[in-house]
Protein chains: 2
Amino acid sequence: MNIGEIAKRAGVSRSTVSYALSGKRPVSEDTRQKIQRVIDELGYQPNASARALANGRTNTIGLVFPPAGNHYTGMQLDFIGSVTEAAAAYDYDVLLSPSGADSDRSFQRLLGERRVDGAILMEIRLQDDRLDHLTAVDFPSVAIGRTAHPEGGWWVGLDHTALAAACVHHLADLGHRRIAFVNRPEQLLRAGYESAHRGLDGFTKAAAERGLAVRTYCCGDDAASGQACLERILHDDPATTALVTLNEAALGGLYRGLAQAGRHVPRDFSVTGVVASRWAETVTPQLTAADVPAEQMGRLAVDLLVERLDHPDTPARHHLLAPPISLRASTAPAGTTPGDPAADLGAPMHP
Amino acid sequence: MNIGEIAKRAGVSRSTVSYALSGKRPVSEDTRQKIQRVIDELGYQPNASARALANGRTNTIGLVFPPAGNHYTGMQLDFIGSVTEAAAAYDYDVLLSPSGADSDRSFQRLLGERRVDGAILMEIRLQDDRLDHLTAVDFPSVAIGRTAHPEGGWWVGLDHTALAAACVHHLADLGHRRIAFVNRPEQLLRAGYESAHRGLDGFTKAAAERGLAVRTYCCGDDAASGQACLERILHDDPATTALVTLNEAALGGLYRGLAQAGRHVPRDFSVTGVVASRWAETVTPQLTAADVPAEQMGRLAVDLLVERLDHPDTPARHHLLAPPISLRASTAPAGTTPGDPAADLGAPMHP
DNA sequence: CCGATGGGTCGAACCGGTTCGATGATTACA
DNA sequence: TGTAATCATCGAACCGGTTCGACCCATCGG
C-alpha cells in the first residue's frame with residue numbers, strides 16, 4: 001500500500017520506484033514495466049500528505065468566500081463551480097474556506113498550516129485586510145474583484161463603474177429622467193464591498209453627467225427585501241420610471257413590487273442592471289443587463305494563480321472585464337404606449 | 001518556522017513541544033509557558049501535511065458533486081455552503097471534487113491519495129457506482145440522497161416520493177383533474193438520479209390513486225427550456241390546469257410560458273412542486289411548494305460523517321426528511337373566478 | 001533508608017514520500 | 001586493453017510532525 005511495498009514486490013529500491021513514477025531520472029524500460037505491473041496489480045496511489053510534505057507543495061488552492069451571514073448569490077456558485085473545474089484541469093484541488101476576516105481561524109489555517117499553495121479570494125472590499133495580509137507575507141493569491149488600489153496586484157475584476165454607467169446611459173438614451181439605484185445590502189456597502197461602491201459610483205457620476213434625478217437604495221439579498229425596496233422607491237418618488245440594480249437576489253422581489261404597484265415592465269417602468277445572465281433570463285420580462293461573466297472570471301483567476309505559482313517572479317497581471325449590455329426585454333423608451341404584447345414576454349427587444 | 005526551531009528557542013526537545021501543544025502527556029507549567037511565548041512570538045503553526053502524514057488523518061472532508069455539464073442549481077449552492085460551515089464547526093476543511101463517475105480521476109485522487117478522511121456525495125443515483133465503490137472499500141462517506149437500496153447506509157435524504165405525492169393531493173383537493181409533471185432533464189432521469197425517479201414515482205402513483213389525467217415531461221435546467229416545456233404541455237393537452245415541478249431552474253421559464261399563453265397563475269393554472277424556499281419566494285406569484293431544506297441537509301450530512309469518523313463502529317444511521325408544503329400563492333381551486341387581485345401578487349393565500 | 005510511584009523530559013523511530021551522492025555495470029573511445 | 005563517460009540503481013538523509021520507551025528526579029510509604 002506504500003512505496004516501500006511496491007519496491008519490495010518489484011525487487012527494486014524505493015527511490016527507483018519514485019523515479020519510475022516521476023521520470024526525473026532515467027529508469028530502464030524493463031524495471032519500469034515491472035514496477036508498473038505491481039502498481040496496477042495493487043492499485044497503488046502515492047499518499048498525498050507524504051508527497052506534499054516532501055516537496056513542499058500541496059497541489060491544492062484555497063477558495064476563500066465570506067460566511068453565509070449574507071445569503072449566497074447565484075454568482076458565487078458560478079465562481080465556485082468554474083474555479084473548481086479550471087483548477088482540476090491544472091491538477092489542482094480546491095479547498096473551500098468560509099472565511100471572512102483576516103483574523104478568522106479558518107483563514108489562518110489555510111496559510112499558516114500550509115494547506116494550500118495559493119488562494120483565490122472572492123467578495124473583495126476596497127480596503128481588504130485579508131488581501132493586505134496576503135501581499136504583506138507575499139503569499140500567492142489572486143483576487144476576484146479589486147481593491148481601491150489594485151496597482152501591482154493579481155486580480156480579475158469587473159468594471160462595475162463602467163457597467164453601472166452603461167446602464168444609466170442606456171436608460172437616459174431611452175428618455176428616462178428619474179431613476180433609482182438598487183444596491184446590495186447596506187451592511188455590505190458599509191463594509192466596503194467593491195461592487196457596491198464602484199457600482200454606486202458609476203451610477204451616480206453617469207446620472208450627474210446626464211442630468212438625471214436619482215435616488216439610491218440599499219436592499220437585502222432576498223425577494224422580500226426587493227419588494228419592500230421597490231415600495232420605498234415609488235413612495236419616495238412616484239415619478240420614477242426606471243431602476244438599475246446590482247442585486248441579483250432582490251430582482252424577483254423588485255419585479256413583484258412593480259406588478260403590485262400596477263407598473264408594467266417595460267411599458268411603464270424599465271429595469272436594468274448588472275446580473276448573471278442565468279438570472280436575467282429567469283425573470284419575465286427578461287432583464288436587459290450587463291451579464292456578469294462569472295465562469296470566465298473563475299477560469300481567469302485560476303489561470304493567473306497557476307501562472308503565479310509556476311513562475312514566482314512573473315510581474316503581476318490582471319484582467320478587467322466590461323461585458324456589453326445584453327438587450328433583452330425589460331427596458332423601453334420612457335412614456336411609450338403599449339406595443340405588441342408579445343414583446344413583453346421574453347421576445348428580444350431588438351431582434 | 002518548524003517545530004524544531006521552536007524547540008531550540010525554548011530550550012526543550014521537539015517532543016516536548018509536541019506534547020505541550022497536544023496535551024497528550026503532562027508538561028510542567030513553566031515549560032508550557034516558555035514554549036507558548038516562543039510560539040506566539042514567531043507565530044508558529046504546525047504544518048498540516050506533516051501532521052496529516054504522522055497521524056493518518058487530514059482533517060479534511062471531500063464534497064463530491066457532478067461536473068457542470070448540467071447547470072448548477074441553487075440547491076447545490078446551499079449544500080456547498082452549509083456543508084462547508086458545518087464542517088468548519090468541527091474543525092474540518094472541505095475539499096471540492098467536481099467528479100461524476102466512479103472512474104473519474106479527481107474522484108480516485110480523493111480516495112487513493114488519502115486527501116480526505118471522509119466524503120459527502122451529492123446528486124445520488126438509484127444505482128450509484130461511486131457509492132457502491134465507497135461501501136465496498138469501506139470508506140467513510142455520507143450521501144445526500146439515497147439509492148434504490150439505502151438499507152444499512154449512511155445518508156440524509158428527502159422523501160421525494162412523499163413530497164411529489166403531497167403536491168398531487170394538494171392539487172387534487174383543489175379540484176384539478178388534468179395535471180402535468182415537469183421533471184429534471186431527461187439525461188438525468190436516464191442516468192438514474194434519485195430525485196427525478198422518486199419524484200416521478202410519487203407523482204404517478206398519487207395521480208393514479210386520485211384518478212387524475214397526467215402527462216409527464218423532462219425539462220432542461222434553464223428558463224428557456226422551462227418556457228418550451230410549458231408550450232408542449234399546453235399543446236399536448238390544452239385542458240391541463242396545473243403542474244408539479246422538481247425543476248428549480250426551469251421555474252421562471254414555466255411562469256413565462258404560462259403568461260405568454262395567457263394563463264393567469266393561480267386563477268387559470270396552478271403551479272406547485274419541490275423547490276428551495278429561496279426560489280419559491282422569488283417568483284410571482286410566490287410558489288406553493290415543499291421547501292427543500294438544503295441547509296439542514298448539509299448540516300446533518302456533516303454531523304453523520306463526523307460521527308462515523310469519530311466512532312468507526314457505530315451502526316449506520318440516516319435522516320429522511322419530508323417537509324410540509326408551504327402554502328403561498330401559486331395554487332387555487334380549479335375553475336375559480338378571479339378574486340381579490342392583490343392575492344395574485346405575493347400575499348399569502350392562506351394567511 | 002530503600003524501593004515503588006509517577007511527573008517531566010529526552011532521544012529515536014516512524015509516517016510515506018523525494019532527492020542527492022555514490023556505486024556498479026556498460027559502452028565509447030583512445 | 002585501459003580509462004572515461006554514461007546509464008541504471010541503491011542507500012541514506014530529509015520534509016515536519018507524533019509517539020513510544022527510557023531515563024532522571026522527587027515524593028511517598030513501609
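Reminder, nothing fancy here: chain letters follow the sequence lines and each chain counts from 1.
For DNA chain C, the neighbouring residues in residues 21-31 of chain B, judged by any heavy atom under 4.0 Å, are B:Arg25, B:Pro26, B:Val27, B:Ser28, B:Thr31.
Identified under the salt bridge (Lys or Arg N to Asp or Glu O under 4.0 Å) test for residues 10-30 of chain B, with sequence neighbours left out: B:Glu29-B:Arg32. Listed by first and then second residue, the side chain to side chain donor-acceptor pair (under 3.5 Å) pairs that reach into residues 305-314 of chain B are B:Glu307-B:Arg317, sequence neighbours excluded.
A donor-acceptor pair under 3.5 Å is absent between the side-chain atoms of A:Thr16 and the main chain of A:Val12, judged by distance alone. Looking only at distances, a side-chain donor or acceptor of B:Asp117 sits under 3.5 Å from a matching main-chain atom of B:Thr58. Remark: side-chain polar atoms of A:Asp128 are paired, donor with acceptor, to backbone N or O of A:Arg125 under 3.5 angstrom.
Atoms CZ (A:Arg57) and C1' (C:dT19) sit 16 Å apart, rounded to a whole Å.
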For every nucleotide of nucleotides 11-17 of chain C, 5' to 3': is a protein heavy atom under 4.0 Å from its base (B), only from its sugar-phosphate (S), or from neither (-)? B-B-BBB

Determine, step by step, whether A:Thr31 and A:Ser28 satisfy the side chain to side chain donor-acceptor pair (under 3.5 Å) criterion, reporting the C-alpha distance in whole Å, the side-chain angles of both residues, the deciding distance to 0.1 Å, and the verdict. CA-CA 6 Å; A:Thr31 40; A:Ser28 78; 2.7 Å; yes

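Residues A:Arg115 and B:Thr60 are in side-chain contact: their nearest non-hydrogen atoms beyond the backbone lie under 4.5 Å apart. Side-chain contact between B:Leu321 and B:Leu300 is present, with heavy atoms from C-beta onward closer than 4.5 Å. B:Leu21 has its side chain within reach of B:Ile39: a pair of non-hydrogen atoms, C-beta onward, lies under 4.5 Å apart.
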Scan the side chains in residues 143-154 of chain A for donor-acceptor partners under 3.5 Å anywhere in the protein, sequence neighbours excluded, and list what turns up.
unit_1	atom_1	unit_2	atom_2	d
A:Thr147	OG1	A:His149	N	3.3
A:Thr147	OG1	A:His149	O	3.4

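Taking five base pairs at each end of the helix from C:dC1-D:dG30 to C:dA30-D:dT1, the local helix axes there meet at an angle of 50°, rounded to 10°.
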